[in-house]
Amino acid sequence: MKDRKLLSSELGRVSPAGYAQSPSSGVVVVLDNVRSAFNVGSVFRTSDAFRVDRICLCGICAVPPSAEIHKSALGAEEVVPWQYFADTLEAVESLRAEGYGIISVEQTVSAVSLEAFPVHPGARYALVLGNEVDGVRQDVVDFSDSAVVIPQWGTKHSLNISVAASIVLWEFRKKILNL
């Protein structure tokens, strides 16, 4: 069977204005002291793909405008709303006050495996992803309502934050949309 790649014009992509007018996904991404601007940019691009409501950039995270963010975001940093917080705990406290459940993506004693985590359509989730070396800060984990862990079978027991964000956002959107 021969197959043909779709042209960009055939993909039915939403415009930036359409993205801004789209219904809430109920998902916010919180980046806890992510040191690589390229990782931040990649999370912007992934967040655009899954129509995340906004990204909270915390601590040492680079913020737009940034050539490094733009290189991996490919313009998604101009579409996905974002805000900066000097401290991650301040961000998650604010999100909890807005009605978001705070979910750390982290390996903890009580973490729920991602595929088993119950995601409820209509609920609101703030997904916290941590620093490339140290992960999510312990005080942020302590403040979280739950933690999810991505099952892994290799020797490293970790993934690049941009890869982890992609996996977690896909799983949450799949469950929210009942796919």
Side-chain angles (χ1 to χ4, degrees), residues 24-73 76-77 79-114 117 119 123-152 156-173 175-176:
S24 170
S25 68
V27 176
V28 169
V29 170
V30 178
L31 298 184
D32 177 19
N33 291 291
V34 173
R35 65 184 178 177
S36 166
F38 295 111
N39 282 338
V40 171
S42 182
V43 172
F44 265 102
R45 190 167 171 189
T46 299
S47 293
D48 171 76
F50 294 110
R51 286 200 190 172
V52 164
D53 292 338
R54 73 181 182 266
I55 300 174
C56 296
L57 303 170
C58 305
I60 65 169
C61 288
V63 298
S66 159
E68 292 85 4
I69 289 174
H70 184 73
K71 185 170 186 171
S72 51
E77 76 280 15
V79 176
V80 179
W82 62 272
Q83 59 191 131
Y84 176 77
F85 291 86
D87 184 70
T88 308
L89 199 53
E90 175 189 352
V92 293
E93 287 171 344
S94 173
L95 289 163
R96 177 169 289 151
E98 292 178 38
Y100 286 88
I102 311 302
I103 312 299
S104 286
V105 179
E106 187 58 85
Q107 299 163 342
T108 71
V109 173
S110 300
V112 177
S113 189
L114 179 60
F117 187 82
V119 176
R124 299 168 83 189
Y125 299 96
L127 305 174
V128 185
L129 294 125
N131 177 276
E132 294 89 340
V133 174
D134 299 322
V136 178
R137 285 182 9 204
Q138 185 63 53
D139 61 341
V140 175
V141 170
D142 293 342
F143 186 80
S144 297
D145 298 303
S146 188
V148 296
V149 62
I150 300 168
Q152 298 171 52
K156 296 300 175 198
H157 301 291
S158 69
L159 295 165
N160 179 280
I161 182 176
S162 64
V163 173
S166 298
I167 293 167
V168 172
L169 286 171
W170 163 247
E171 188 67 19
F172 268 70
R173 284 297 278 170
K175 290 178 178 181
I176 288 168

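Side chains are part of it too, since the values below use all heavy atoms of this structure and drop only hydrogens, waters and symmetry mates.
I55 and S47 get closest at one heavy-atom pair: CD1-OG, 3.6 Å. Contact detail for Q107 and V149: the closest heavy-atom pair is CG-CG2, 3.7 Å. Contact detail for A76 and D48: the closest heavy-atom pair is CB-CB, 3.8 Å. Smallest separation of non-hydrogen atoms from E98 and R124: O-NH1, 2.7 Å. The nearest pair of heavy atoms linking A165 to V43 is CB-CG2, 4.1 Å.
Taking the side-chain contact (heavy atoms from CB on, under 4.5 Å) definition, one finds that A49 meets it with nothing, sequence neighbours left out. For F117, the ring pair (Phe, Tyr, Trp, His ring centres under 6.0 Å) partners at least two apart in sequence or on another chain are F172. Listed by chain and residue number, F38, N39, E132 satisfy the side-chain contact (heavy atoms from CB on, under 4.5 Å) test with S36 (two or more places apart in sequence, or in another chain). Qualifying side-chain contact (heavy atoms from CB on, under 4.5 Å) partners for V105, counting only residues two or more places apart in sequence or in other chains: L129, V148, V168. In terms of the side chain to side chain donor-acceptor pair (under 3.5 Å) criterion, S94 has no residue partners (sequence neighbours excluded).
Counting heavy atoms from C-beta on, the side chains of I161 and L31 come closer than 4.5 Å. Within the 4.5 Å cutoff, side-chain heavy atoms of D53 are placed close to those of Y100. Residues V30 and L95 meet the side-chain proximity criterion, which asks for heavy atoms closer than 4.5 Å. At a threshold of 4.5 Å between non-hydrogen side-chain atoms, the residues V128 and I103 do not count as touching.
For the atom pair L114 CG and K175 NZ, the distance stands at 6.0 Å (nearest 0.5 Å). Note: S166 OG to R45 CZ = 10.0 Å, rounded to the nearest 0.5 Å.
The closest donor-acceptor contact from the side chain of D145 to the backbone of I102 lies under 3.5 Å. Side chain of S25 to backbone of R51: a donor-acceptor contact under 3.5 angstrom is found.
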*asked:* Before you tell me yes or no, could you show the steps for L169 and V52 under side-chain contact (heavy atoms from CB on, under 4.5 Å), namely the whole-Å CA-CA distance, both residues' side-chain angles and the distance that decides it to 0.1 Å?
replied: CA-CA 8 Å; L169 286 171; V52 164; 3.7 Å; yes
Verdict with reasoning, R35 to D134, per salt bridge (Lys or Arg N to Asp or Glu O under 4.0 Å): CA-CA 11 Å; R35 65 184 178 177; D134 299 322; over 6 Å; no
Before giving the answer on side-chain contact (heavy atoms from CB on, under 4.5 Å), spell out for C56 and V29 the whole-Å C-alpha distance, their side-chain angles and the decisive distance to 0.1 Å.
-> CA-CA 6 Å; C56 296; V29 170; over 6 Å; no
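A donor-acceptor contact closer than 3.5 angstrom is absent between the side chains of T108 and E106. Between the side chains of H70 and E77, at least one donor-acceptor pair of N or O atoms lies under 3.5 Å. Side-chain contact annotation: S42 with S72, donor-acceptor N/O pair under 3.5 Å absent.
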Going by atom type alone, with no hydrogens or angles, which donor-acceptor pairs under 3.5 Å involve a side-chain atom of residues 57-64 and a protein atom two or more places apart or on another chain?
none

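Relative to the ring axis of F50, R173 does not place its NZ or CZ within 45° and under 6.0 Å from the centre.
For R137, the CZ atom is densely surrounded, since the number of other residues' heavy atoms within 6.0 Å is greater than 12.
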